[in-house]
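Right, one structure below, let's go through it.
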Amino acid sequence: MKDARVALEVYLTGLRNQHAVETQVIGTVQNELARMEPYPELYAKMRAEKERSTTQAARLDDLLAKHGTGKSLAKEMVTGAVATVAGFAHSGADDEVLKNVLAAIGLKAYEIGSYKMLIALADAAGAPEDKSLLEQSMKEEQEMGDWLGEHLPMLVHAYLGQRSA
Ligand SMILES: [Fe+2]
């Protein structure tokens, strides 16, 4: 019994932390979007990413509410390594767009891991019914991570094209 209580506590903290990450992503993407306009495919994908992050944050809200708690208990603060990754806006650098794409790839890897962890915690906390929402978000993170990885060479070429234009 005690184990499940501990697991629930860790699980709810994890949900709040991931909510803070999604919130941070929405702000970061918003800041970067304008400078991605010369790269239409990336621009469209990042716009969709912002909307998806909003949906993912809402799913986390729903799960927290279901467990009788809310995100308001959490400081919406991203700490540690993820702040470095999520808050990475390389404003003004020549190769800003490339750096931001690299940061986004790192962030997606973090988020995939985070949802995977939450899925394991949901089980341990006796809330397996939460898993389908978490799996949905994890799949979206994977899809975006794959897209960024696959399109990185193309983006490099597009960037070089912009530079020599
Ligand atoms: Fe996300």
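For ligands, and for the atoms within them, numbers begin at 1 and follow the listed sequence. Note that the coordinates shown come from a computational prediction; the quantities given were computed from them, not determined experimentally. FYI, side chains are in, hydrogens and waters are out, and symmetry mates aren't considered; it's all heavy atoms of this structure.
- The side chain to side chain contact (heavy atoms under 4.5 Å, CB included) test applied to Ser53 returns Glu22, Val25, Ile26, Glu49, Gln56, not counting sequence neighbours.
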Check step by step if side chain to side chain contact (heavy atoms under 4.5 Å, CB included) holds for Tyr115 and Lys139.
CA-CA 9 Å; Tyr115 280 109; Lys139 255 180 62 191; over 6 Å; no

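- Counted by atom type alone, Ser137 and Arg52 present zero donor-acceptor pairs between their side chains at under 3.5 Å.
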For residues 146-157, which side-chain donor-acceptor pairs fall under 3.5 Å, sequence neighbours excluded?
from: Trp147; atom 1: NE1; to: His151; atom 2: NE2; distance (Å): 3.4
from: His151; atom 1: ND1; to: Trp147; atom 2: O; distance (Å): 2.9

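- Side-chain atoms of Thr55 come within 3.5 Å of backbone N or O of Glu51 as a donor-acceptor pair.
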Identify every side-chain donor-acceptor pair in residues 6-14 under 3.5 Å, counting partners at least two apart or on other chains, and give the distances.
from: Tyr11; atom 1: OH; to: Asp130; atom 2: OD2; distance (Å): 2.6
from: Thr13; atom 1: OG1; to: Glu9; atom 2: O; distance (Å): 3.0

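- Around the Fe ion (ligand 1), the protein contributes the following N, O or S atoms under 2.8 Å, ordered by chain and number: Glu22 OE1, Glu22 OE2, Gln56 OE1, Glu111 OE2, Glu141 OE2.
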